[in-house]
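Hydrogens, waters and symmetry mates are skipped; everything else that's a heavy atom, side chains included, is used.
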Amino acid sequence: MKRKQRINNTICYIVLILMSIIWLFPFVGLVLQSFRGESGGMVAYLVPHEWSLKNYQFLFGNSSKFLTWYGNTLTIAIFVSLLQTLVVICVSYALSRMRFRGRKALMNIWLVLGMFPGFLTMICLYFLLKTLGLTEAGAVPGLILISVASSGMGYYVCKGYFDTVPKALDEAAILDGATRAQILVKMIIPMSKPIIIYTALVAFMAPWCDYIFASYVAFGYEKGYNVAVAMTRWVWTNDYQGFFTRFCAGGILVAIPVTILFMCLQKYYVEGVTGGAVKG
């Protein structure tokens, strides 16, 4: 039995190692190509013949608007993460702890609306933002507004986590004279750190990787691009041969913040997902 178990474990490790190599290969290629110094587009060899930092120097130079695009993306992601987390916490707490007329109907309506793809509303949202002056030059605040305005519908996981917190704590606090706001701020939020971090991380990721709606709202105005839209325009409308390695370097810089966040908050991310999946 022990020999059979060792054989099975060995096979499992081999399969996992092969899957890891396949999964990491594109990322390794991206890193290596970002340091390639020779000119030209995609090549048949993986390891550069000439190593250079010129691609990164171009990104941080005056001839590139990469820092502007990167700043736009970071601004949108931070504001959406903070505001969306606040909205989701308030909505989740209200639906978890309060009982009011129309509560179940409201939850069912949001559930049905959440089944429709968001891009179906792109045309309506674009004309609404255009009327408010939040397209092209106002693309950054426009994207923040759209992401935050509909964030209350993403209450499912957070509400599930709040349901696991005993309601007896709320009742005891109310007997002591605490208000609903004090219960949320001083009791529920400190006890719900994993789900709050999970919500903030997911909210940060959505605008950081957004391309479709961001390109639609910016509509050709370069200063309103985020990095996803700008780097795609590099390889679509400009010199593909010259911008490929710069595209790889930009991809590395875009991946760094998300990688750091996941490495630092992975523990809370897992706890938030598992805790929010349990209904009290």
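- Checking side-chain atoms of S192 against main-chain N and O of I189 turns up no donor-acceptor pair under 3.5 Å.
- I212 CD1: 12 or fewer foreign heavy atoms inside a 6.0 Å radius.
- The distance from the CE atom of M191 to the CD1 atom of I196 is 11.5 Å, given to the nearest 0.5 Å.
- Contact check for T199 versus I89: no side-chain heavy atoms found under the 4.5 Å cut-off.
- Under the side-chain hydrogen bond (donor to acceptor under 3.5 Å, both in side chains) criterion, no residue pair touches residues 125-151, with sequence neighbours excluded.
- Cluster membership for M263 and V31, using ILVMFWY side-chain heavy atoms within less than 4.5 angstrom, is not shared.
- With sequence neighbours excluded, no residue forms a ring pair (Phe, Tyr, Trp, His ring centres under 6.0 Å) with Y211.
- Here the closest heavy-atom approach between residue A203 and residue S81 is recorded as CB-CA, 3.7 Å.
- Scored by the side chain to side chain contact (heavy atoms under 4.5 Å, CB included) test, L53 finds F35, Y56, Q57 as partners (sequence neighbours excluded).
- Following chains of ILVMFWY side-chain contacts shorter than 4.5 Å, one can reach I78 starting from I260, so the two form part of one hydrophobic cluster.
- Put simply, the side chain of T73 gets close to the backbone of W69: a donor and an acceptor are under 3.5 Å apart.
- Applying the salt bridge (Lys or Arg N to Asp or Glu O under 4.0 Å) rule to pairs touching residues 64-86 yields K65-E222, sequence neighbours excluded.
- Applying the side-chain hydrogen bond (donor to acceptor under 3.5 Å, both in side chains) test to every pair with at least one member in residues 82-106, sequence neighbours left out, gives these pairs: S96-D163, R97-D170.
- Cluster annotation: V227 is not connected to F27 through the hydrophobic network of ILVMFWY side chains, with a link wherever side-chain heavy atoms come within less than 4.5 Å.
- Between A77 and P207 the shortest heavy-atom distance is CA-CG, 3.7 Å.
- Between I195 and Y198, the closest side-chain pair of non-hydrogen atoms falls below 4.5 Å.
- Side-chain N or O atoms of T179 include one that pairs as donor or acceptor with a backbone N or O of Q182 at under 3.5 Å.
- Using a 4.5 Å heavy-atom threshold, the side chains of V91 and V88 count as separate.
- Atom OH of Y13 has 12 or fewer heavy atoms from other residues, nucleotides or ligands within 6.0 Å.
- Chaining together hydrophobic side chains whose heavy atoms lie under 4.5 Å apart places I21 alongside I17.
- Scored by the side-chain hydrogen bond (donor to acceptor under 3.5 Å, both in side chains) test, Y155 finds no partners at all (sequence neighbours excluded).
- Residues I146 and L143 have side chains not in contact (no heavy-atom distance under 4.5 Å, counting atoms from C-beta outward).
- Side-chain heavy-atom separations under 4.5 angstrom define the hydrophobic clusters, and the remaining members of the one that includes I14 are L18.
- Here the CD-CD1 distance, from Q33 to I252, works out to 10.5 Å after rounding to the nearest 0.5 Å.
- Looking at heavy atoms from C-beta onward, L95 lies in side-chain contact with W110 at the 4.5 angstrom threshold.
- Between Y225 and R233, the shortest heavy-atom distance links the atoms OH-NH1, 2.8 Å.
- For residues 185-210, no residue pair satisfies the salt bridge (Lys or Arg N to Asp or Glu O under 4.0 Å) rule, not counting sequence neighbours.
- For F66, the ring pair (Phe, Tyr, Trp, His ring centres under 6.0 Å) partners two or more places apart in sequence, or in a different chain, are Y70.
- Atom-to-atom distance recorded for M107:CE and Y156:OH is 8.5 Å, nearest 0.5 angstrom.
- Within 6.0 Å of CE on M98 lie more than 12 heavy atoms contributed by other residues, nucleotides or ligands.
- With rounding to the nearest 0.5 angstrom, the CG atom of L184 is 6.0 Å from the SG atom of C90.
- Following chains of ILVMFWY side-chain contacts shorter than 4.5 Å, one cannot reach I22 starting from M19, and the two form parts of different hydrophobic clusters.
- Within the 4.5 Å cutoff, the side chain of L86 has no heavy atoms near those of the V148 side chain.
- Closest heavy-atom contact between N226 and A214: ND2-CB, 3.5 Å.
- What you find for G251 and L30 is that their closest heavy atoms are C-CD2, 4.4 Å.
- The OG1 atom of T10 sits 10.5 Å away from the CD atom of Q5 when rounded to the nearest 0.5 Å.
- By the rule that hydrophobic residues join a cluster once side-chain heavy atoms approach within less than 4.5 Å of another member, L24 and L16 end up as members of separate clusters.
- At most 12 heavy atoms of other shown residues, nucleotides or ligands fall within 6.0 angstrom of atom CD1 in I123.
- Pairing each heavy atom of P257 with each of V254, the nearest pair is CD-O, 3.3 Å.
- For the ring pair (Phe, Tyr, Trp, His ring centres under 6.0 Å) test, residues two or more places apart in sequence or in another chain that qualify with F204 are W208.
- Looking at heavy atoms from C-beta onward, L125 lies in side-chain contact with F213 at the 4.5 angstrom threshold.
- For the atom pair F25 CZ and S20 OG, the distance stands at 15.0 Å (nearest 0.5 Å).
- Sorted by first then second residue, the salt bridge (Lys or Arg N to Asp or Glu O under 4.0 Å) pairs that include residues 141-152, not counting sequence neighbours, number zero.
- Checking T245 against N55 by side-chain atom types alone, a donor-acceptor pair falls below 3.5 Å.
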